[in-house]
Participant: 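Have a look at this one before I ask anything.
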Amino acid sequence: MTQPPNKFEEVTIHTEPIYEGRIISLQIEHVRLPNGETTTREIVRHPGAVAVLALLGDKMLVVEQYRKPLGKSQIEIPAGKLEKGEDPLEAARRELEEETGYRCGSIRHISSFYTSPGFADEILHLYVAEQLVPGEAKPDEDEFLECDAITLEQARQYMREQRISDAKTITAVYAWQVNQLTGRW
């Protein structure tokens, strides 16, 4: 059975590359709208990323690091971009260990979501990791961060204070809270 055409589809007429960076690329797409008119769309291409809700007993592992676009430090769950061809599950394990030093005995996928579909194609795969075993963190050369373990109440307080304000960490905190209430992910 074939899928019916998307009545809102925008057909690309021409793609204009603008920037090709280490992490993202930017392009302008000239598109034909469903009503026949034409316009442009600015699109950020991203290889995708992973994030890990790592639970150490009744606490969640977080890292604090400076975020240049925001001009301040943020508290976030461990996360990072996918390398070309990398399996998201393996990337989640890798990022957890690189940023926190912990390895996990159990890891499972919670959800995947697009971070900003209005202008970017980045998909983020969120995992929960348990049965943590400490080790040595190995952050990237240009990564300066500090690992901590916080309670659910601390996480909610940090959200109120805007110390946690990124979508992946807020999503993880709410998933953790739902798990606490229902026992399900």
Participant: Could you label the plane-to-plane angle of the His109 and Tyr127 rings as parallel, tilted or perpendicular, counting under 30° as parallel and over 60° as perpendicular?
Facilitator: perpendicular
Participant: Would you say that Trp185 contacts Leu53 through its side chain, given a criterion of any heavy-atom pair below 4.5 Å between the two side chains?
Facilitator: yes
Participant: Using a 3.5 Å distance criterion without hydrogens, assess whether the side chain of Glu143 forms a donor-acceptor pair with backbone atoms of Asp140.
Facilitator: yes
Participant: Which heavy atom in Lys81 sits nearest to a heavy atom in Pro47, and how many Å separate them?
Facilitator: CD-CG, 4.1 Å
Participant: Roughly how far, to the nearest 0.5 Å, is the CG atom of Leu56 from the SG atom of Cys147?
Facilitator: 9.0 Å
Participant: Begin with the C-alpha distance, continue with both residues' side-chain angles, and end with the deciding distance and a verdict on side-chain contact (heavy atoms from CB on, under 4.5 Å) for Leu124 and Ser112.
Facilitator: CA-CA 5 Å; Leu124 192 135; Ser112 295; over 6 Å; no
Participant: Assess whether a salt bridge exists between Arg67 and Glu76, defined as any Lys/Arg side-chain N lying under 4.0 Å from an Asp/Glu carboxylate O.
Facilitator: yes
Participant: Work out which heavy atom in Leu152 is nearest to a heavy atom in Gln180; give both atom names and the distance.
Facilitator: CD2-CG, 4.1 Å
Participant: Are Arg32 and Glu37 ion-paired here, with the side-chain N under 4.0 Å from a carboxylate O?
Facilitator: no
Participant: Which atom names give the shortest non-hydrogen contact between Val52 and Ile77, and what distance separates them?
Facilitator: O-CB, 3.4 Å
Participant: Answer yes or no: is there a side-chain heavy-atom contact under 4.5 Å between Gln65 and Ser73?
Facilitator: no
Participant: Does one hydrophobic cluster hold both Phe119 and Ile123, with members joined at side-chain heavy-atom distances below 4.5 Å?
Facilitator: no
Participant: Are Glu97 and Arg93 ion-paired here, with the side-chain N under 4.0 Å from a carboxylate O?
Facilitator: no
Participant: Among residues at least two apart in sequence or on other chains, which ones pass salt bridge (charged side-chain N to carboxylate O under 4.0 Å, His left out) with Glu136?
Facilitator: none
Participant: Would you indicate whether the side-chain heavy atoms of Glu122 and Val44 approach each other to under 4.5 Å?
Facilitator: no
Participant: Are the side chains of Leu55 and Leu132 in contact, using a 4.5 Å heavy-atom criterion?
Facilitator: no
Participant: Quick one: do Glu130 and Lys59 make a salt bridge, cutoff under 4.0 Å?
Facilitator: no
Participant: For Ala79 versus Glu95, what's the shortest heavy-atom pair and its separation?
Facilitator: O-OE1, 3.1 Å
Participant: Starting at CE of Met60, measure out to CD1 of Ile150 and round the result to the nearest 0.5 Å.
Facilitator: 4.0 Å
